[in-house]
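Take a look at the structure set out below.
Side chains are part of it too, since the values below use all heavy atoms of this structure and drop only hydrogens, waters and symmetry mates. Just so it is clear, the structure is predicted and the values come from calculations on it, not from any experiment. Just so we're on the same page: letters track the sequence lines, and every chain starts at 1.
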Number of protein chains: 2
Amino acid sequence: MAPSSVVDDITKAAVDLFSTQGYANTSVQQIVEAAGVTKGAMYHYFESKDDLLFSVYERMLSLQTSHLEEIVGRGAPTAQTLHDVCVDVIETSIDFLPEGTVFFRSVHMLSEPRQKEVTRRRRQYHDVFAGLIERGQEEGLYRTDIPRAVLVAHFFSDVHYLSNWYSPEGPEDKVLLAQQLTDLFLVAIKA
Amino acid sequence: MAPSSVVDDITKAAVDLFSTQGYANTSVQQIVEAAGVTKGAMYHYFESKDDLLFSVYERMLSLQTSHLEEIVGRGAPTAQTLHDVCVDVIETSIDFLPEGTVFFRSVHMLSEPRQKEVTRRRRQYHDVFAGLIERGQEEGLYRTDIPRAVLVAHFFSDVHYLSNWYSPEGPEDKVLLAQQLTDLFLVAIKA
DNA sequence: GGCGACATACCGAACAGTCGGTATCGAGAA
DNA sequence: TTCTCGATACCGACTGTTCGGTATGTCGCC
């Protein structure tokens with residue numbers, strides 16, 4: 001059996017409530033009630049409400065980072081690697097849409113040190129991504145008339161924005177959408 | 001003279017604090033102190049804290065809508081119109097960066113009816129934008145293999161994301177950046 | 001002398017976090 | 001085998017504070 005389903009139950013309830021009501025509008029009382037546990041249980045496993053929010057980020061960041069490393073580790077040609085990375089990050093962002101909502105909406109509610117930590121980990125991801133583009137530019141694949149930082153931001157804006165408009169119940173298919181957005185990006189940056 | 005600089009002072013202080021600390025973490029006491037007025041003055045001009053937040057949106061929405069109407073009203077060819085609209089919305093978004101931060105971070109803190117109102121006005125803007133793309137598609141200018149909603153979302157993701165990475169103190173020039181992002185978008189959707 | 005534009009003291013609810021407890025269990029001494 | 005003991009996993013009533021909002025007063029101007 002899992003070491004404790006309590007932690008999972010709490011985390012799930014928290015993500016659910018944070019994504020629908022927002023972090024500030026959600027009381028810990030609501031969370032523990034939704035999770036079917038008590039406040040004592042929650043404060044046994046989490047330091048604070050802030051800690052709860054951070055754990056949501058932690059999970060997403062770890063997952064995406066490990067995916068990134070795996071894909072880059074395959075050692076495929078630059079174009080293929082970049083393509084796969086784009087598709088993957090979009091797809092996992094769709095898989096974790098509520099987490100994404102919480103993520104982009106409530107980072108600023110984290111305590112200063114934890115905010116820094118999140119920023120640091122995100123920057124790591126961005127740096128690897130930027131590195132791929134740089135390599136592609138050296139190979140003559142991608143345009144160089146626009147600052148690399150702008151190109152990177154241009155891509156992540158799509159990922160970021162997903163939770164603001166995409167609905168899994170809508171007509172858009174996850175896999176298809178990931179390909180379409182990736183295509184839009186790759187066409188735009190082509191040399 | 002303006003009907004009252006008090007309203008302006010309060011609004012400015014509010015935007016400033018909301019954008020740096022977040023809506024929930026900012027007390028009305030902080031706002032009135034920063035604005036150099038008292039709570040009584042604030043509640044004389046605003047119904048509630050919620051109302052204060054809404055007024056920020058109100059101003060942005062009105063401004064962008066009026067710009068949009070003006071540009072479309074010129075009656076230029078589709079390609080030119082779409083280009084101008086893109087550049088304008090990016091530039092004004094940069095001009096109102098703190099407002100944008102507040103906007104995208106805290107819409108969900110608004111009361112239900114006001115949230116609906118904001119959504120409605122934004123949809124209006126999107127609809128006009130989508131209409132331009134549709135016209136362009138009929139004229140054979142833009143690709144049709146990707147749902148129009150995705151194309152629209154793809155563009156507004158850039159606008160949305162601006163407040164998350166752009167810094168006026170950074171190396172990027174406002175006008176140049178607007179052109180670059182617009183170019184990336186227009187290249188991507190070209191037929 | 002009444003009305004608009006504020007000022008100030010205050011209220012009540014909400015809420016994060018605490019703290020003194022209890023239940024269950026595994027290991028080791030008797 | 002039984003008894004003890006420490007540790008882990010909770011429980012839930014309580015509290016100190018924060019904060020949005022209000023009630024009442026004041027002051028100048030038409």
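- Remark: the B:R74 side chain and the B:Q80 side chain contain no N/O donor-acceptor pair separated by less than 3.5 Å.
- Closest contact between the side chain of A:V37 and the listed nucleotides C:dC6, C:dA7, D:dC11 involves D:dC11.
- Separating the CD atom of A:Q30 from the C1' atom of C:dA14 is a distance of 11 Å, rounded to the nearest angstrom.
- Within 4.0 Å of B:T38, counting heavy atoms only, lies at least one base atom of the nucleic acid.
- When distances are taken from the side chain of A:Y43 to each of D:dA9, C:dC6, C:dG17, the shortest belongs to C:dG17.
- In this structure, the nucleotide among C:dC15, C:dT18, D:dG21 sitting nearest to the side chain of A:K39 is C:dT18.
- Side-chain proximity of B:Y45 to C:dA5, D:dG20, D:dG21: nearest is C:dA5.
- Distance, B:F46 CZ to D:dC19 P: 20 Å, rounded to whole Å.
- Rounded to whole Å, atom C1' of C:dC6 lies 10 Å from atom CD1 of B:I10.
- Distance, B:D9 CG to C:dC6 P: 11 Å, rounded to whole Å.
- Regarding B:Q21, its CD atom lies at a distance of 10 Å from the P atom of D:dC19, rounded to whole Å.
- Remark: aromatic rings of A:Y161 and A:F104 are distant, center separation not under 6.0 Å.
- We find that CG of B:L52 is positioned 11 Å from P of D:dG20, with the value rounded to whole Å.
- Using a 4.0 Å cut-off between charged nitrogen and carboxylate oxygen, A:R120 and A:E117 count as a salt-bridge pair.
- Using a 4.5 Å cut-off on side-chain heavy atoms (C-beta onward), B:L181 and B:F185 make no contact.
- Regarding B:E33, its CD atom lies at a distance of 13 Å from the P atom of C:dA7, rounded to whole Å.
- Of all nucleotides listed (C:dC15, C:dG17, D:dC11), C:dG17 comes nearest to the side chain of A:K49.
- Residues A:G40 and A:A24 each lie close to DNA chain C; by heavy-atom proximity, the contact nearer the 5' end of the strand is made by A:A24.
- Between B:Q29 atom CD and D:dG20 atom P the separation is 9 Å, expressed in whole Å.
- Contact annotation: B:H44 reaches the phosphate of C:dA5 (side-chain N/O to OP1 or OP2, under 4.0 Å).
- Of the two residues near DNA chain C, A:E47 and A:N25, the one whose nearest nucleotide lies more 5' is A:N25.
- Taking the charged nitrogens against the carboxylate oxygens, A:D183 and B:R143 do have a contact shorter than 4.0 Å, which makes a salt bridge.
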